[in-house]
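Only one structure is covered here, and it is reproduced in the block below.
Reckoned from all heavy atoms, side chains included, excluding hydrogens, waters and symmetry mates. Remember, it's a predicted structure, so these values are computed and weren't measured experimentally. Lettering follows sequence order; numbering is per chain, from 1.
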Protein chains: 2
Amino acid sequence: MTERVGRATMRDVAALAGVSIKTVSRVVNDEPGVAEQVRMRVQDAVDRLDYRHHLAASNLRRGGGRSGLIGALLQDVGNSFSAALLRSLEDAARARGTAILSASLDEEPERERTLVHDLVTRRVDGLVLMPSTDRQDYLSSEVRAGMPVVFVDREPRGIAADSVTVENVEGAVMGTEHLLAQGHRRIACLTDLPDISTAQQRLQGFVDAHRARGVHPDERLTVTGLRGPAAGEAAVSRLLDLDRPPTAIFAGRNDLAQGAVRALRRRGLGDSVAIVGFDDFPLADLLTPPLTVIRQDVVRIGRLTADLLVARLDGDERPPQRIVVEPTLVVRGSGEIPPSD
Amino acid sequence: MTERVGRATMRDVAALAGVSIKTVSRVVNDEPGVAEQVRMRVQDAVDRLDYRHHLAASNLRRGGGRSGLIGALLQDVGNSFSAALLRSLEDAARARGTAILSASLDEEPERERTLVHDLVTRRVDGLVLMPSTDRQDYLSSEVRAGMPVVFVDREPRGIAADSVTVENVEGAVMGTEHLLAQGHRRIACLTDLPDISTAQQRLQGFVDAHRARGVHPDERLTVTGLRGPAAGEAAVSRLLDLDRPPTAIFAGRNDLAQGAVRALRRRGLGDSVAIVGFDDFPLADLLTPPLTVIRQDVVRIGRLTADLLVARLDGDERPPQRIVVEPTLVVRGSGEIPPSD
DNA sequence: GTGTCCGATGACAACGTTGTCAAAGCCATT
DNA sequence: AATGGCTTTGACAACGTTGTCATCGGACAC
C-alpha cells in the first residue's frame, strides 16, 4: 500500500505486528507453536507490507548452503537440440522446486570455464554440462567439494562423472550403412570441430561402416571443423564442384544437414543427392524430400540427465554412471535416393 | 588437495594463511592496502583450499540485495521463438555479468504466478515476462518494491510497465491483404487461445483487412483457441472437409502454420491451398512451397527487451516505455498460390 | 498455596561475507 | 624522545534469516 523503498524484512513485519522476528519466521515457514491470533496478526502485517521471503538469506542460514539452483551449460540455447534439452530439464527440475540457470557455450572452451566458475560462485546445487572443452580436469575440485555434474551429449574427459550420451559411433554406422546399402560409394561426410567427441565418434562410425564393407571412403569428401549451417552449406557447395561429386551426404549434426539441404536445393539437386542427417529436428519431415535422420530421443536424454542429477542431489553415492542411449534410424525419403551414377 | 567435505570459507583461508578474515576478503576482492607478501600467502591458501567466493553471502552483505540474476518467463523455452529470445537475452545479460533464470509458462496463468513468486523470493534484479495471465495487477507490489519488469511479445494489462511487442494488427492485415489481393475470398484464420492479446490482435487484423476491401470473412473458417501444432493440423483437416473449403489459410502463430502445412501435405494440397504464417521460423524457407510469413525480428526484439531492462537496472526512471516493432512480409511462395476456384 | 508441565514467545548466535573504524606498526620529522 | 602521518591489519557489527535454548504464563493436580 504505502510507497516503500526496498523490500520489507522480517524485522519490519515483526515491528508492525508487535512480535519478535522469530515469531514472524515461524509464521512465514508455517511452523507450529504460534497462537492462532498471533499468526493472524503476523499474516496481516506480511500482507500489508508485501513481505517476501528472502530465499538466499534463508539458504545461507539453513545448513549446507543449498541454493535450489542448478546450472545448465549447453551448446546453444537457441538451437533446437539444446532448447529441447533445456525444456526437458526444466520440467524435471520444476517438480523439485529447483530453478535452472542456463547459458550457451557456443563451443568456446574459455566460456565454459568462466561460466562454471560463475555458477560455483552462485553455489548451484548441481550442474548439467554439454562441454566445449576437450578436458574437464578443472572441474575436479568442484566435484570434490560436492557439486554433482552430469555430462550430457558428450562424455567427460579427465574426470569421473555421470554422463548421458548417444551411441554415436553406432548411429553413424547405421546412417552410413543405409547409404552404402543402396549402392552409394561417393558419400560426403560433414562433421563438427574435430575436438568435440561426438564429432569424432560420428566420423569414426562413418569410416567403420565403410570398412565393414571393404570400401575405402574418399578422404576428399570428408570435411571436418564445420560450425553452423552456413559452413555446412558452403562445404557441400564446394564438394558439388568436384570432378566426381558425392552422390550422397552424411551430415554429422542437424545444422549441417540443414546447410546441406540448402546447398542441394540451390542447385536443384534436392531429389538427386541422398542425405542422411544425425539428429532429428522439427520440420525435418516436412522438407522435400523429407529428411532421413538418425534420431536421438531428446526428451528421454533430458529426463535421464535430470534423473541422474536429482539422484546425486538426493545423496546417491554410486560410482559415476555412464548411460548411453541408442539412436534410431528414421527413414523418410532423403536417404533412399539411389546413386546418380 | 585434501579430501574436504563442503566448501572452504574465508574463515578457513584466514586460519591457514594466519591472517584475519577481513584480510582474506580484501585479497579476494582485489582491494588495495594489503602487503604484497601477505597477499601472496592468502592467495596460496585460497588455491590450496579451493576457496570459492560465495556470491549470495556477498550480495546479502553488500546493500541493495542485488542478486545479479534476472528472470525470463517465456511461453515455452523449447519453442523456436522463445528459445531465440532467450538466447538473445542471454547475450545481452552476459555482458553485464548477469545470469538468467528461465522457465516456461505454457500459457498457464497459475504457473506464471507461482514462478513470479519464486523469482521474487530469489530476489531477481529484474524480470522479462511473456505473460500467460490476462491481467498482471498482481505484479504491482513487486514493481513498487523496485523490481523492473519488461513485457515481451504481449502487452501488460492492469499494470504500467515497459513492453516490446510487435505490431500484430498491422502484420495480420498485411498477411491477409496479401491473400485477398490474389483473389482469395475463402480464407481460413487460425489463432491461439482467445485471451492472449497477440491472438486477439492478429484476428483483429484478419477481420480489418477484409473490411477494408468490403469483404465479409466467413465465420466458419475462423478457428480460435488452438494450442500447438497438432491442434492446428486437426483444425485445418476439419476445414478442408467443408463443402466450400478455404482456398487459403492465415495461420496466427508459427506452430499453427506448421500444423496447417502438415494437414495440407497429407492431403496433397500443399501446392493448391495458399498459406501465410505469422512469425518466421527456421527452415520455413526450405518447405515446399517455401512458406510466406510475417516475420518478427526476434533478435531485435530480444535486444530491445534486454536494453530496456538493463536501463531500468541502471536506474532509468522514465515513464514506462512501449516499443512496438514493425513486422515484415516475407514472400516465399506458399502465399502466392492463386485461389483454386 | 505449591509444584509441575506445556505451549507460546523471544534473546541470541550463527550462516559467509563486507563496511566501518580503530589500533598497530613504521618511518620521518622536530 | 616525542610527534605526526602513513600503510597495514583486525575487531566488530551488520545483511536477512533460522536453530537453540531459556523464559514466561497459565492450566492442572495435589
I'd like to check the side chain to side chain donor-acceptor pair (under 3.5 Å) partners of [X]; sequence neighbours left out, ordered by chain and number.
X: B:E110; result: B:R113
X: B:R157; result: B:Q200
X: A:R227; result: none
X: A:R11; result: none

Distance in angstrom units between [X] [atom1] and [N] [atom2], rounded:
X: A:R7; N: D:dT17; atom1: CZ; atom2: C1'; answer: 16 Å
X: A:I21; N: D:dT18; atom1: CD1; atom2: P; answer: 11 Å
X: A:R11; N: D:dT17; atom1: CZ; atom2: P; answer: 11 Å
X: B:D12; N: C:dG16; atom1: CG; atom2: P; answer: 8 Å
X: B:L49; N: C:dG16; atom1: CG; atom2: C1'; answer: 15 Å
X: B:R66; N: C:dT18; atom1: CZ; atom2: P; answer: 18 Å
X: A:D30; N: D:dT18; atom1: CG; atom2: P; answer: 12 Å
X: A:Y51; N: D:dG16; atom1: OH; atom2: C1'; answer: 7 Å

_B:V298: side chain to side chain contact (heavy atoms under 4.5 Å, CB included) partners, not counting sequence neighbours_ = B:F81, B:A84, B:L85
*Pairing residues for A:L304 by the side chain to side chain contact (heavy atoms under 4.5 Å, CB included) criterion, not counting sequence neighbours*: A:V164, A:R300, A:I323, A:V325
Can you find a side chain N or O atom of [X] that sits less than 4.0 Å from OP1 or OP2 on [N]?
X: B:S58; N: C:dT18; answer: yes
X: A:T23; N: C:dT9; answer: no
X: A:N59; N: C:dC15; answer: no
X: B:H53; N: C:dT18; answer: yes

Side chain of [X]: nearest nucleotide among [options]?
X: A:H54; options: C:dG16, D:dT17, C:dG10; value: D:dT17
X: B:L60; options: D:dT18, C:dT17, D:dC15; value: D:dC15
X: A:S20; options: D:dT18, C:dA11, C:dT17; value: C:dA11

Set out, line by line, the N/O atom pairs under 3.5 Å between protein and nucleotides 19-23 of chain D.
residue : atom : partner : partner atom : Å
D:dG19  : N7   : A:K22   : NZ           : 2.8

*Between B:R94 and B:D91, is there a side-chain N and carboxylate O pair less than 4.0 Å apart?*
yes
*What residue pairs, at least two apart or across chains, pass side chain to side chain donor-acceptor pair (under 3.5 Å) with a residue in residues 302-315 of chain B?*
B:R96-B:D314, B:D162-B:R312
*Evaluate the side-chain contact (heavy atoms from CB on, under 4.5 Å) criterion for residues A:T133 and A:R135: first the C-alpha distance (whole Å), next the side-chain angles of each, then the deciding distance (0.1 Å), finally the verdict.*
CA-CA 5 Å; A:T133 51; A:R135 294 186 61 83; 6.0 Å; no
*Which pairs, with at least one residue in residues 14-34 of chain A and sequence neighbours excluded, count as a salt bridge (Lys or Arg N to Asp or Glu O under 4.0 Å)?*
A:D30-A:R39
Scan the side chains in residues 71-80 of chain B for donor-acceptor partners under 3.5 Å anywhere in the protein, sequence neighbours excluded, and list what turns up.
residue : atom : partner : partner atom : Å
B:D76   : OD1  : A:R87   : NH1          : 2.8
B:D76   : OD1  : B:G78   : N            : 2.8

*Side chains of A:M147 and A:L127: closer than 4.5 Å at any heavy-atom pair?*
yes
*Which angle, to the nearest 10 degrees, lies between the helix axes at the two ends of the helix from C:dG1-D:dC30 to C:dT30-D:dA1, each defined by five pairs?*
70°
_On DNA chain D, compare the nucleotides closest to B:A57 and B:V19; which residue's is nearer the 5' end?_
B:V19
If you restrict it to nitrogen or oxygen atoms, what contacts under 3.5 Å exist between nucleotides 5-8 of chain C and the protein, and what is each distance?
none

